[in-house]
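One structure is given here, and the rest of the page talks about it.
Below, chain A is the first sequence line, B the second, and so on; all start at residue 1. Only this structure's heavy atoms are used, side chains among them; waters, hydrogens and symmetry mates stay out.
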Amino acid sequence: MRWVDVKASLKDFWFEFRRQKGGLFGLALLFLLIFTALAAPYITEPDIPKKWTQYWEGNPVTVPPVWYNYFTTKKLAPHEVLTANDLKITADGQDIGGGMKYYSFEFTYENNYDVPPSDIIIRNIGVKLADINSPAQIVVTVIRPDGNKIELLNTELREGSIYQLAKDGKVKAAVFQWASQFENPETIAEGGETLKNTMDTMKVIFAKAQEGILTNPEALKGTYTFQVEIFTFTEGDQVDLSTTQIILSGRTYGLMGTDYKARDLWAGLVWGTRVSLTVGVTVAVLTVLIGIFYGVTSAYLGGWKDEFMQRVNEFWASIPTLPILILLGAAFKGHVSLWTIVFLMVAFYWTGIAKVARSMALQIKEQTYVEAAIALGAGTGRIIFKHIMPQIMPYAFAAMALNVPGAVLTEASLSFLGLGDPTAVTWGQILYDAQTQSATINGYWWWVIPPGLAITLVAFTFVLIGISLDRVLNPRLKRL
Amino acid sequence: MGYGKYIAIRLLNALLVLALVTLLVSVLFTKVAEEDIKSSIQEQINLKLRSNPELQKQLAADPEKLQEWYQREYNRLIRVYELDKPFWVRVVERTKDTLTLNFGNTKSPIFGETAVSKIIAKAIPRTVILFTTAQIFVILIGLLLGVKAAQMAGSILDRGVSIIAMVTSSIPMWWFGMMMILIFSFKMGWFPSGGMTSMPPKEGFAYYLDVLYHMVLPVTTIVFVLFGGWAWTTRNIMIGTMQEDFIMAARAKGVPERKVIYGHALRASAPPIVTMTIFSLLGSIGGAIITESVFNWPGMGRLYWTALQQNETRLLMGVTFVTVALYLIAMIIADLAYGYLDPRVKVGASQST
């Protein structure tokens with residue numbers, strides 16, 4: 001074929017394809033998916049695959065996305081991280097005699113939510129102690145919008161100390177003691193220790209000071225000021241507040257929420273596009289190429305060679321794919337790389353296409369122009385590549401597109417069974433985690449719905465394109 | 001070539017496939033099991049040493065003696081587990097065992113049994129109940145919709161069927177199952193989230209009602225994901241048939257339209273549709289492998305999941321063997337049915353030419 005012919009046939013093809021609304025829609029989706037896959041490092045962060053296997057420290061665990069608030073009557077606090085810039089430093093190393101120094105800073109929190117943050121984490125205070133055995137002291141106090149003041153924490157500060165206020169027993173005791181004055185004494189007498197143990201510290205800190213603060217806390221909205229004071233006792237102790245981080249652990253997080261390892265599901269969703277597209281397209285292209293090569297060769301050789309190749313094909317085709325894939329996956333437990341999965345799928349999926357390609361090639365072989373070419377002394381290669389292949393290629397493109405969904409679904413299924421590549425971020429694996437952590441029974445919808453929709457979307461995109469290609473390229477179907 | 005000879009060749013082919021697949025799987029699992037056993041041998045020796053203080057005292061003094069004792073114990077256990085035999089002998093033995101349905105035992109009881117064959121015998125009927133019920137719905141709905149869509153090609157119904165078919169065939173069935181649980185079990189609380197019966201199981205007639213109640217969500221899931229594809233395929237086959245001359249002739253003769261469609265066209269379309277039916281019915285015994293584990297339905301699919309999770313290699317082999325065998329049987333039956341139903345297809349003709 002000359003270049004002009006290629007251009008002309010492409011033009012013709014596009015003219016036909018343009019009229020397939022579904023195909024155009026599929027093409028648009030495909031571009032969107034490819035864009036997402038390519039831009040993944042820029043949309044999220046570039047080191048997501050490395051981070052993915054770990055626990056994401058500092059993030060809240062299994063919380064819904066931020067936009068969930070639009071659908072609920074109770075507004076949930078989002079996740080917030082405060083750094084040194086958000087802190088108001090009120091004392092930076094004041095000498096208070098006897099070698100003691102005083103540091104203090106404040107941060108405010110605007111509580112406009114019905115459910116407050118689940119935790120407040122104070123970390124990365126840059127302390128350098130001259131003597132390890134004499135730690136510094138840290139005091140955390142909250143001033144509530146109603147003027148009440150609670151000393152939450154008064155404890156040692158060492159290098160690398162992290163304070164999780166909601167999980168701290170001392171904070172719990174302090175808050176319980178403070179709140180008790182508002183609660184009905186009978187309730188406290190009845191509830192006793194259990195009341196204290198079951199109390200949600202954060203909810204009480206951010207609750208209205210009234211009866212029921214312990215049993216049924218009602219959020220008090222307004223500005224909360226947190227004061228953190230640090231005392232050092234030894235000459236030479238250094239405190240550097242510029243690295244300090246305050247994490248207000250949210251009841252909601254990001255665009256898609258988090259899972260049980262506190263991972264940002266949005267990042268997983270975006271990165272999953274890569275695996276899904278790569279696996280789907282690679283498997284489809286390789287399968288079709290191998291299948292067509294096998295089928296055409298078989299048809300062209302004819303005779304006992306054809307017969308033999310067809311028996312091999314039938315034999316191979318009668319092996320059920322998924323159970324064998326599962327078995328092979330289990331045999332390589334935990335070490336199945338993405339490329340092994342691709343290889344295995346290709347190894348099992350080419351048979352159907354080979355059958356169709358053979359029957360097409362048999363028909364083409366009988367055409368008069370092929371016979372003429374043979375009579376004129378054309379070589380085998382020339383006949384296969386010049387006369388047979390171009391006739392089959394349109395079918396091949398449609399077959400490739402139609403093969404992608406199967407590959408995407410199979411990869412997702414294998415990952416869902418826990419047999420996927422553990423180092424890759426895939427939607428199937430997100431759903432596997434969701435299943436093993438009983439996400440459905442716990443109602444963690446944000447963990448289940450988006451990855452499944454994503455798989456469906458990719459499969460659907462290629463179904464649309466494949467069926468449209470089929471309609472355009474296989475004239476037999478045009479009238480349907 | 002006669003029908004009998006054809007059957008014989010098909011059967012032989014199927015048996016060959018079965019044997020080869022079993023051999024392949026045996027190679028894999030003999031390898032996997034070897035590592036498993038070796039680590040378990042180490043553990044057993046250590047346990048023996050730890051639980052016997054006298055022996056400890058005796059051996060602690062003399063490191064050489066300890067080494068010797070260790071080696072002796074190791075060799076003894078290797079012989080007990082038959083690891084002293086060459087790899088290929090073990091593979092062939094395992095293949096033979098599997099082919100004669102001698103699957104062995106699992107490490108820990110599943111469904112209250114440890115014999116793999118008994119576990120599978122318990123699982124198959126459960127899968128049949130679930131998937132066969134679902135498949136019957138799928139076939140009925142799919143056929144009806146498909147025929148109607150073919151009859152009114154280009155109508156809204158026809159387009160609707162195509163769109164539903166495209167969308168549902170893109171959905172992972174197990175994910176849709178998770179969605180059903182999320183909506184109808186978690187949010188609405190209408191149906192149980194999994195299992196085949198309540199715990200503890202009910203007695204008498206209430207038991208069957210209870211099973212039916214537990215079947216609602218999984219059956220709905222399977223039917224929803226599969227009926228579109230069925231309807232679409234039926235539609236395409238029917239449209240192909242309706243364009244043939246004999247339909248035109250029937251219409252020209254004045255045969256009522258209903259009769260043309262159900263009497264002539266559907267009958268002529270029967271062979272591929274029946275093949276599809278047999279495949280999906282028998283294929284359903286293998287179960288949509290993952291869907292069952294989502295619904296915690298104690299059938300073949302859940303067995304796969306359990307075997308994978310608990311690293312039960314023998315169970316995995318047994319389940320795979322049975323699944324492959326059933327699949328091959330389905331292929332043969334479908335082939336034979338096709339030849340029987342469609343007089344145009346001379347079964348075995350391709351072999352003789």
**Item:** side-chain contact (heavy atoms from CB on, under 4.5 Å) evaluation trace for B:F176 with A:T456
**Value:** CA-CA 10 Å; B:F176 195 74; A:T456 309; over 6 Å; no

**Interface residues of residues 166-174 of chain B facing chain A - heavy atom cut-off under 4.5 Å** = B:M166, B:V167, B:S169, B:S170, B:I171, B:P172, B:W174

**Request:** Answer with side chain, backbone, both or neither: which region of B:V17 has an atom nearer than 4.5 Å to a non-hydrogen atom of chain A?
**Result:** both

**Asked** Heavy-atom distance under 4.5 Å to chain A: side chain of B:V319, backbone, both or neither?
**Response** neither

**Distance-minimising heavy-atom pair for A:S413 and B:I290** = CB-CD1, 3.3 Å

**Atom pair CD (A:Q435) and CH2 (B:W305), whose distance is rounded to the nearest 0.5 Å** = 5.5 Å

**Prompt:** How about A:Y444 and B:L182: do any of their side-chain heavy atoms sit closer than 4.5 Å?
**Reply:** no

**Complete:** Between A:I449 and B:W175 the two heavy atoms that sit nearest each other are O-CZ2, 3.3 Å

**Prompt:** Looking at A:G428, A:A412, A:A439, which makes the most heavy-atom pairs under 4.5 Å with chain B?
**Reply:** A:A412

**Asked** Closest approach of A:T440 and B:F186, non-hydrogen atoms and distance?
**Response** O-CB, 3.7 Å

**Prompt:** In terms of heavy-atom contacts, does CH2 of B:W232 have more than 12 from other residues, nucleotides or ligands at under 6.0 Å?
**Reply:** no

**Request:** Would you mind telling me which of A:L464, A:V458, A:N442, A:L453 has the largest number of heavy-atom pairs within less than 4.5 Å of chain B?
**Result:** A:L453

**Item:** Residue part contacting chain A, namely of B:L20, when any heavy atom lies under 4.5 Å
**Value:** side chain

**Message:** A quick test of your reading: do over 12 heavy atoms of other residues, nucleotides or ligands sit less than 6.0 Å from CZ of A:F348?
**Reply:** yes

**Prompt:** What part of A:I467 is in contact with chain B, defined as an atom under 4.5 angstrom from a non-hydrogen atom: side chain, backbone, both or neither?
**Reply:** side chain

**Request:** Answer whether the closest heavy-atom distance between the side chains of B:M178 and A:W447 falls below 4.5 Å.
**Result:** no

